[in-house]
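Numbered from 1 within each chain, the chains take letters A, B, ... in sequence-line order.
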Amino acid sequence: MTPQDGHGRAETGMVTAELAVSLVTLVLVLAVALGAIRVGMDRTAAVSVAGALAREAARDGDVTALWSRVSGGLPTGSTFAITRDSHTVTATVRMPVRAGGALTTLPAGSDVTAVAARER
Amino acid sequence: MSRSRAGAARETGGASVLVAGAAAVVAAVTVVAVLIGAASHASARAAAAADLSALAAADAVRRSLAAADGADPCAVAAGIAAQNDAVLRDCRVDAGWNVSVVVEVAGPTLDRWSDQGVAYGAARTGPAPQTTGPPAG
């Protein structure tokens, strides 16, 4: 074996190592991108849920019963809150951020609100 | 130079080019997906804001018929639209107590000379079509 041969074989291994490292990076970037898209989809789904909750609360309906019917598409662990003032009702849907599967739900939350006029 | 050395020299960087190309594709697809998602989100918000504004205006109409409350239905609609981060663009109350509203929500745009794209939402509330008089109550 000449020193040159040894050198050449070492570089061939470097190409494989380079490919392995960069593919792992690429997969991580892809996971982050998919996570961001999923958060956006969850927020879009929550917009109509928050609107429905606000409408129901505005006429003093059973918001909890409505929530159990419409929250199926939201991430597990999503919650809602209703706040009322003299003229308006605000429905807030809070979702955990799920990124890349059930195992990686981040502690950060994502809020969507809707405001309706109280019907009197 | 041995053949293996020459081959390795040609291959060096090959992986980087491959992965850089794949990363560019991933980035481009992500940008498109995020723009479509943002447009869809703006559209959903506009629709919800239009619904809530129209209902608020309808309730104001009902109250103004029941008692001398005095709240302008379109002013009420504009207030609710604003609280839902939307802008009331059109509001009409016709003789049959129907209220039509159009609201606008800021959305994404591909046009670099435009600040923001917009999403529109429209909603109409009022008595059922066969009703000839004002709603009871």
Can you find a pair of side-chain heavy atoms, one from B:Leu52 and one from A:Val115, that are under 4.5 Å apart?
no
Which residues pass the salt bridge (charged side-chain N to carboxylate O under 4.0 Å, His left out) test with A:Arg118, not counting sequence neighbours?
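A:Arg118 satisfies salt bridge (charged side-chain N to carboxylate O under 4.0 Å, His left out) with no other residue.
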Can you name the salt bridge (charged side-chain N to carboxylate O under 4.0 Å, His left out) partners of B:Glu104, sequence neighbours left out?
B:Arg89
Would you kindly confirm whether [X] and [Y] end up in one hydrophobic cluster when ILVMFWY residues are joined by side chain heavy atoms under 4.5 Å apart?
{"X": "A:Met95", "Y": "A:Ile82", "result": "yes"}
{"X": "A:Ile37", "Y": "A:Leu26", "result": "no"}
{"X": "A:Leu19", "Y": "A:Val27", "result": "no"}
{"X": "B:Val76", "Y": "B:Val101", "result": "no"}
{"X": "A:Val93", "Y": "A:Val89", "result": "yes"}

Specify the closest pair of heavy atoms between [X] and [Y], including all atoms of both residues, with the distance to one decimal.
{"X": "B:Ser40", "Y": "A:Thr44", "result": "OG-CG2, 3.7 Å"}
{"X": "A:Ala117", "Y": "B:Ile80", "result": "N-CD1, 3.5 Å"}
{"X": "A:Leu23", "Y": "B:Val19", "result": "CD2-CG2, 4.2 Å"}
{"X": "A:Ala114", "Y": "B:Asn84", "result": "CA-OD1, 3.3 Å"}
{"X": "B:Gln83", "Y": "A:Thr88", "result": "NE2-CG2, 3.5 Å"}

B:His41 side, atom NE2; A:Asp42 side, atom CG - distance, nearest 0.5 Å
11.5 Å
Are there residues of residues 27-36 of chain B that reach to under 4.5 Å of chain A by heavy atoms, and which ones?
B:Thr30, B:Ala33, B:Val34
Heavy-atom distances under 4.5 Å only: say whether B:Ala56 touches chain A with side chain, backbone, both or neither.
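For B:Ala56, the contact with chain A is made by backbone and side chain together.
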Quick one: what part of A:Ser22 sits under 4.5 Å from any heavy atom of chain B, side chain, backbone, both or neither?
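Looking at A:Ser22, backbone and side chain both touch chain B.
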Part of residues 53-69 of chain A lying next to chain B, heavy-atom separation under 4.5 Å
A:Ala54, A:Arg55
